[in-house]
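Residue numbers start at 1 and run along the sequence shown. As the structure lists them, so they are numbered: ligands from 1, and atoms in each ligand from 1.
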Amino acid sequence: MIIKLIDFEIKGDERGSLIALEENKNVPFDIKRIYYIFDTKKDVRRGFHAHKSLKQILICVSGTCKILLDNGQKKSEIILSSPNTGLLIESMIWREMFDFSDNCVLMVIASEYYDENDYIRNYEEFIKICTISNI
Ligand code: TYD
């Protein structure tokens with residue numbers, strides 16, 4: 001399965017809703033970094049990379065967006081539209097993000113600090129590494 005979803009428990013009461021994220025509890029790794037993508041312009045498609053070892057959870061905390069995941073053998077698409085749904089992306093998964101709604105805020109929880117050396121930004125190289133590791 002490429003699409004791995006995590007349902008976060010909503011601590012809701014008459015005032016509204018709250019979700020808490022905790023490392024190695026409902027987030028299945030050490031949390032080293034959090035970033036968010038917002039104000040995305042119309043028709044933008046971003047991502048276009050895989051990570052050698054980074055794990056991430058994507059949460060669309062506001063609005064909606066679509067994510068394409070590709071493990072080198074199979075591609076799947078999912079719409080993220082709920083702040084209590086996390087998309088777990090393990091290492092060696094190619095991802096593209098697109099169809100961002102105007103109000104979309106896509107929050108990303110990451111297992112490592114930013115490291116350009118962990119990126120595979122060339123799709124052919126990604127497929128080559130997938131093929132070698134499947135032999
Ligand atoms: P980029 O990798 O192009 O984003 P996306 O994968 O969503 O298409 O990142 C945009 C810029 O932000 C680029 O200059 C690298 C920088 N950046 C950081 O400095 N720290 C980070 O944690 C991330 C994810 C990106």
Contact check, side chains of Ile2 and Asp70, non-hydrogen atoms, under 4.5 Å: no
Give me the nearest non-hydrogen protein atom to atom 22 (O) of ligand 1 as residue plus atom name, then the distance to 0.1 Å. Arg33 NH1, 2.4 Å
Are Phe100 and Leu69 connected in the hydrophobic side-chain network, where two residues link if heavy atoms are under 4.5 Å apart? yes
From the candidates Met97, Gln56, His49, the one that places a heavy atom nearest atom 6 (O) of ligand 1: His49
Write out the residue and atom name of the closest protein heavy atom to atom 17 (N) of ligand 1, then the distance separating them to 0.1 Å. Tyr114 CE1, 3.8 Å
Going by the 4.0 angstrom heavy-atom rule, the piece of Ile37 near ligand 1 is side chain
Could you check atom 8 (O) of ligand 1 against the protein and tell me its nearest heavy-atom contact, residue, atom and distance included? Gly47 N, 2.9 Å
Pairwise side-chain contact, Leu88 with Leu5, heavy-atom cut-off 4.5 Å (strictly under): no
Protein heavy atoms near atom 12 (O) of ligand 1, is at least one of them under 4.0 angstrom away? no
Just to be sure I'm reading this right: ignoring hydrogens, which of Arg46, Glu96, Glu116 gets closest to atom 10 (C) of ligand 1? Compare them by their nearest heavy atoms. Arg46
Less than 4.5 Å apart, side chain to side chain, heavy atoms only: is that true for Ile19 and Lys11? no
Close side-chain approach of Ile57 to Ile6, heavy-atom, < 4.5 Å: yes
For a 4.5 angstrom cut-off between non-hydrogen side-chain atoms, does Phe98 reach Leu68? yes
Does ligand 1 have any atom sitting under 4.0 Å from a heavy atom of Lys32? no
Per side-chain hydrogen bond (donor to acceptor under 3.5 Å, both in side chains), Glu96 is matched among His49, Arg45, Arg46 by Arg45
Whether Tyr119 lies under 4.0 Å from ligand 1, heavy atom: yes
Arg121, any N or O under 3.5 Å of ligand 1 N or O: yes
Looking at ligand 1, does Arg95 have a heavy atom less than 4.0 Å from it? no
Do Phe48 and Tyr35 belong together in a cluster built from hydrophobic side chains that touch within less than 4.5 Å? no
